Amino acid sequence: MSGLPLSRAPIPGDDPPAPRPGGIAARALGLGQSAQSYLDKLNPEQRLAVETLDGPVLVLAGAGTGKTRVLTTRIAHLLATGRARPYEILAVTFTNKAAREMKNRVGDLIGGVLEGMQWLGTFHSIGAKLLRRHAELVGLKSGFTILDTDDQIRLMKQIIAAEGIDEKRWPARQLAGWIDTWKNRGLSPKDVPESDAHAFADGRGRKLYAAYQDRLKTLNAADFGDLILEPLKILRENPDVLADYHRRFRYMLVDEYQDTNVAQYLWLRLLAQGRENICCVGDDDQSIYGWRGAEVDNILRFEKDFPGATVIRLERNYRSTAHILGAASHLIAHNESRLGKTLFTDRTDDDDTAKVFVSSSWDSEEEARAVGEEIEQLQRKGHLLNEIAILVRASFQMRSFEDRFVTLGLNYRVIGGPRFYERQEIRDALAYFRVVAQPADDLAFERIVNTPRRGIGDATVKLLHDRARARRVPLIDAAEELIETDEIAARTRTALRDLIAAFNRWRGQVDHLRHTDLAEIILDESGYTEMWQADRAADSPGRLENLKELVRSMDGFDSMIGFLEHVSLVMDADSEASADAVSIMTLHSAKGLEFDTVFLPGWEEGLFPSQRTLDENGRAGLEEERRLAYVGITRARKRAYIRFASNRRIHGLWQTSIPSRFLDELPEAHVDVTEDTSTYGGYGMNAYGASRFDNRDPFQNTYATPGWQRAQKNRGGAAESTMGGYGNFSGPKSSQRYLEGELVAKSVVSGGSGYKAGERVFHQKFGYGKITGIDGNKLTIDFDKAGSKRVLDSFVERH
DNA sequence: ATCTTTCTAGTTTTT
DNA sequence: CTAGAAAGAT
């Protein structure tokens, strides 16, 4: 049965009528008899979260506790009880995927397709919508373009150059980073604090930010940050506009509240001041985006920000075994900045569930091999590869797994690589479409003016820029003028004239052709398709295929403009691969997903927790890393395998690593520490000097590995680490930084190595060898057994 | 204007 | 080590 259009619901007055079970509203929504049945499917806490409709509500939803169910049922409940019409509900998410899922699931609940919920979307899409409505209030026109990261960087490069600043010393990327930070905090150029202004180019940061914003206005463009910042400005400075939205939004719902940044928070708070009916759902323990502006504080402070708020905890977990939950809970309990929840499960099949496995490998290749073997075993037992994931801290870790799986012939897919709309060929094609749709889009024009090569080089582009600036016209107009002069070579002039003529021709066809046909014509006539056909590179056929896919995907839109708007906001084009394959992804991209079996490799100090995060953010950084570990473990339904490797190649250098402190924070009761025999046996490792470990059980069923003990000592404040009885290897010479008594940073001291070429040395991984070259503290050594390698001096010793 | 060599920096990522 | 970008050579 498909539900009647929701707009048929009775029109409520200022105070919507109380719910009337079986009333017109409920029946129109297809909720007649089953009006209460959707509530019956909830547990008591979930039900409370759905039925507490008035006033501010914070739902602390732990991993796997039915967060989306609460959110969607709450919306359905608001609609079913006639409390609000679809367009009176503001529901914000972070990702398009989440927005889509919410829409679909509410649709399922009301028994049809959800229509009229025009304010359900991502922060950015709703921001864009607000901004288009009131663009003129901040100096934009409603049809503004939304710039992607690429465009932003190119624009900033121009601005930095225009200021006469050396772009090498002050890279545009860095400026982009600062501007992003400022926008995340809701700061316009004038609000940037003195301390921050000095962070870039000797205090010219603020000026560059202002220049960038000016330039955006001239281009009638907005970047992603503006989609939040500008609406905030509008709401702040225009009480009448704000009052209008207060009237409009009877109820507000926010997903993943722990990921909101300051600007988003301010935005929500302003809007919520109207009716105070704001419901935020989130999990402070899963806040892992601090580095891109998310403020855990927003969720920690909720009760202060919204006095009288109801806080509801969802702790009943429907996903994982008690062992997995026990391990994750014990780990996350080490964080101080948290509201505190403890997940539990009703599952009683614990007798045959596994504890969380912890094991080690000699190096990253060994690690990949061990995981590969484990997966093959699971596969033999009939497990689906689709139910297995490998979650890494940093993407460089993926490589060893890919290499291994290729040799094994094991199906895998990497999640979160370059997205469809970020690919070069797609961006180029889109740039053509943008110039057709919006001739003044200088950034798009610049991108494709010489792609494919038509002999319009840097010199000509500079000429165009100068003229455009002098005349205050778009580049394409400047080009049109320039071809009438003799300032450029005849050959270049012809090329430019042809290009402009082509754009005029395509523009003339906009109203006469279907936009998909026009798109094809543009790609053909511009020579763009031909360019890739002529390219002999291995990936060109794939690129051509992508271009076809792009044109196909335009079919779902009714105009070129509509399509472009979609693309700039929806940067994901997820094609659900159906083949059975192991998923490899970062911990960050795993948030929100779940698998039967999860492998968590690389739990080593420096990598996880990441040294850089520790150095830059100290204790807060450490807690965020710990939350990442928590997210990782809680992705598993039945099995979690945590691993660390003793040796890892980082930036081309072999480094010995210490097991992650997080391993120490797991409860023994829920953990199964296994000695990985391949660590010390096989692979001819004995030949490299590892044999001295042979007759020892390095774990003795507790964490007693050499590196582990060293880690313990370091944490206790012991000065130089020694290997206490485990041979004569000495760890890296290090300087340590303590914060509140806890080791947060440890960096290797650089300086002269003190070694000379020709010296014989011993290395724990590679054995004996002779130094053949020295570069600072990096040594090139010709090993007797392992060949020539580059290693840090602190990992070898004189023999 | 384009091809080749040199240099440099090097988590995490959505919109 | 290694990818990507900028400087230098043709």
Side-chain angles (χ1 to χ4, degrees), chain A residues 92-99 121-128 146-149 152-153 157 166-168 171-174 177 180 183-184 222-229 256 259-261 263-264 287-294 364 391-400 415-419 421-422 424 450 453-461 489 491-492 495 565-572 574 585-592 602 606-617 621 624-625 627-628 631-632 648-655 778 780 788-791:
Chain A
V92 271
T93 64
F94 273 86
T95 64
N96 292 298
K97 196 177 160 200
T122 63
F123 271 102
H124 293 270
S125 67
I126 287 169
I146 298 166
L147 300 187
D148 62 34
T149 329
Q152 281 178 57
I153 299 287
K157 273 189 183 162
D166 181 12
E167 210 262 335
K168 267 178 296 179
R173 294 212 145 275
Q174 202 183 324
D180 200 45
K183 288 185 176 177
N184 284 161
D223 64 20
F224 283 120
D226 288 336
L227 296 182
I228 308 295
L229 183 65
E256 306 276 20
D259 287 339
T260 50
N261 61 36
Q264 287 159 337
S287 164
I288 55 173
Y289 285 110
W291 49 274
R292 68 175 197 216
S364 41
L391 312 182
V392 297
R393 172 66 245 260
S395 43
F396 73 81
Q397 292 173 259
M398 292 179 182
R399 200 179 165 149
S400 54
I415 314 275
R419 272 164 293 280
Y421 291 116
E422 276 170 11
Q424 186 192 342
N450 198 33
R453 300 257 140 86
R454 24 175 98 85
I456 303 169
D458 291 349
T460 316
V461 173
R491 184 184 267 219
T492 323
E565 168 80 6
H566 165 83
V567 163
S568 44
L569 288 170
V570 183
M571 292 300 274
D572 69 340
D574 51 351
M585 68 187 95
T586 63
L587 287 161
H588 282 93
S589 36
K591 197 175 87 170
L607 176 58
F608 189 39
S610 144
Q611 190 62 60
R612 195 156 159 184
T613 302
L614 261 38
D615 287 343
E616 285 168 11
N617 301 313
E624 182 155 312
E625 294 284 304
R627 292 193 288 266
L628 208 42
V631 167
R648 196 173 285 279
R649 201 169 52 184
I650 292 168
H651 305 331
L653 294 170
W654 280 100
Q655 298 201 226
K778 292 167 202 141
T780 308
S788 188
K789 307 272 178 199
R790 270 160 62 86
V791 298

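For clarity, every value in this text was computed on a predicted model and none was experimentally measured. Values below: all heavy atoms of this structure, side chains included; hydrogens, waters and symmetry mates excluded.
- Arg627(A) places a side-chain N or O within donor-acceptor distance of the main-chain N or O of Ser287(A), the cut-off being under 3.5 Å.
- The side chain of Arg292(A) has dT13(B) as its nearest neighbour among dT13(B), dA1(B), dT12(B).
- Here the P atom of nucleotide dT12(B) and the CG atom of Leu607(A) are 10 Å apart, to the nearest Å.
- When heavy atoms are screened at a 4.0 angstrom cut-off, Leu628(A) is found touching no nucleic acid atom at all.
- Asn261(A) has no side-chain polar atom (N or O) that falls below the 4.0 Å cut-off from OP1 or OP2 of dT14(B).
- Side-chain contact between Leu587(A) and Phe608(A) is present, with heavy atoms from C-beta onward closer than 4.5 Å.
- Rounded to whole angstrom, the span from the CD atom of Gln152(A) across to the P atom of dT15(B) amounts to 15 Å.
- As rounded to whole Å, 15 Å separates atom P of dG10(B) from atom CD of Gln611(A).
- Counting heavy atoms of neighbouring residues, nucleotides and ligands inside a 6.0 Å radius, atom CG of Asp166(A) exceeds 12 of them.
- Close to dT15(B), at under 4.0 Å from its OP1 or OP2, lies no side-chain N or O of Thr149(A).
- Distances shown here put a side-chain N or O of Lys168(A) below 4.0 Å from the OP1 or OP2 atom of dA7(C).
- Between Gly652(A) and Arg453(A), the residue anchored nearer the 5' end of DNA chain B, judged by the nucleotide with its closest heavy atom, is Arg453(A).
- Looking at which nucleotide of DNA chain B each of Gly457(A) and Arg612(A) is closest to, the 5′-most match is held by Gly457(A).
- An aromatic stacking contact between Phe224(A) and the base of dT14(B) is absent, as defined here by ring centres under 5.5 Å apart and ring planes under 30° from parallel.
- With dT15(B), dT2(B), dT12(B) as the choices, the nucleotide that has an atom nearest any side-chain atom of Asn96(A) turns out to be dT15(B).
- With a 4.5 Å cut-off on side-chain heavy atoms, Ile146(A) and Glu565(A) count as touching.
- Nearest heavy atoms, Thr93(A) versus Ala98(A): CB-CB, 3.9 Å.
- Across all strands shown, Glu625(A) has heavy atoms under 4.0 Å from base atoms, whether or not it also approaches the sugar-phosphate.
- Between dA6(C) and Lys157(A), a contact under 4.0 Å exists linking OP1 or OP2 to a side-chain N or O.
- Lys591(A) comes within 4.0 angstrom of no nucleic acid atom, judged by non-hydrogen atoms across all strands.
- When the P atom of dT14(B) is taken as reference, atom CG of Asp223(A) falls 17 Å away, rounded to whole Å.
- Between Lys183(A) and Leu229(A), the closest heavy-atom pair is CG-CD2, 3.8 Å.
- Ring geometry, His588(A) versus Trp291(A): the interplanar angle exceeds 60°, so the pair is classed perpendicular (tilted spans 30 to 60°).
- Distances shorter than 4.0 Å separate some side-chain N or O of Ser395(A) from OP1 or OP2 on dT12(B).
- Here the C1' atom of nucleotide dT15(B) and the CH2 atom of Trp291(A) are 12 Å apart, to the nearest Å.
- Here the nucleotide nearest the side chain of His124(A), chosen from dT15(B), dT12(B), dT13(B), is dT15(B).
- Whole-Å rounding puts the Met585(A) CE to dT14(B) P distance at 12 Å.
- For Ser568(A), no side-chain nitrogen or oxygen approaches OP1 or OP2 of dT15(B) to under 4.0 Å.
- Rounded to an integer number of Å, the gap from Arg627(A) CZ to dT12(B) P is 19 Å.
- Which of dT15(B), dT13(B), dA1(B) sits closest to the side chain of His588(A) comes down to dT13(B).
- Stacking of His651(A) onto the six-membered ring of dA9(B) is not present when judged by under 5.5 angstrom between centres and under 30° between planes.
- Residue contacts for Thr586(A): at a heavy-atom cut-off of 4.0 Å it reaches the sugar-phosphate backbone alone, with no base atom in range.
- Note: CZ (Phe396(A)) to P (dT12(B)) measures 9 Å, nearest angstrom.
- Here Asp259(A) lies out of heavy-atom contact (under 4.0 Å) with every strand.
- Residue contacts shown for Arg399(A) are limited to sugar-phosphate atoms, with no base heavy atom under 4.0 Å away.
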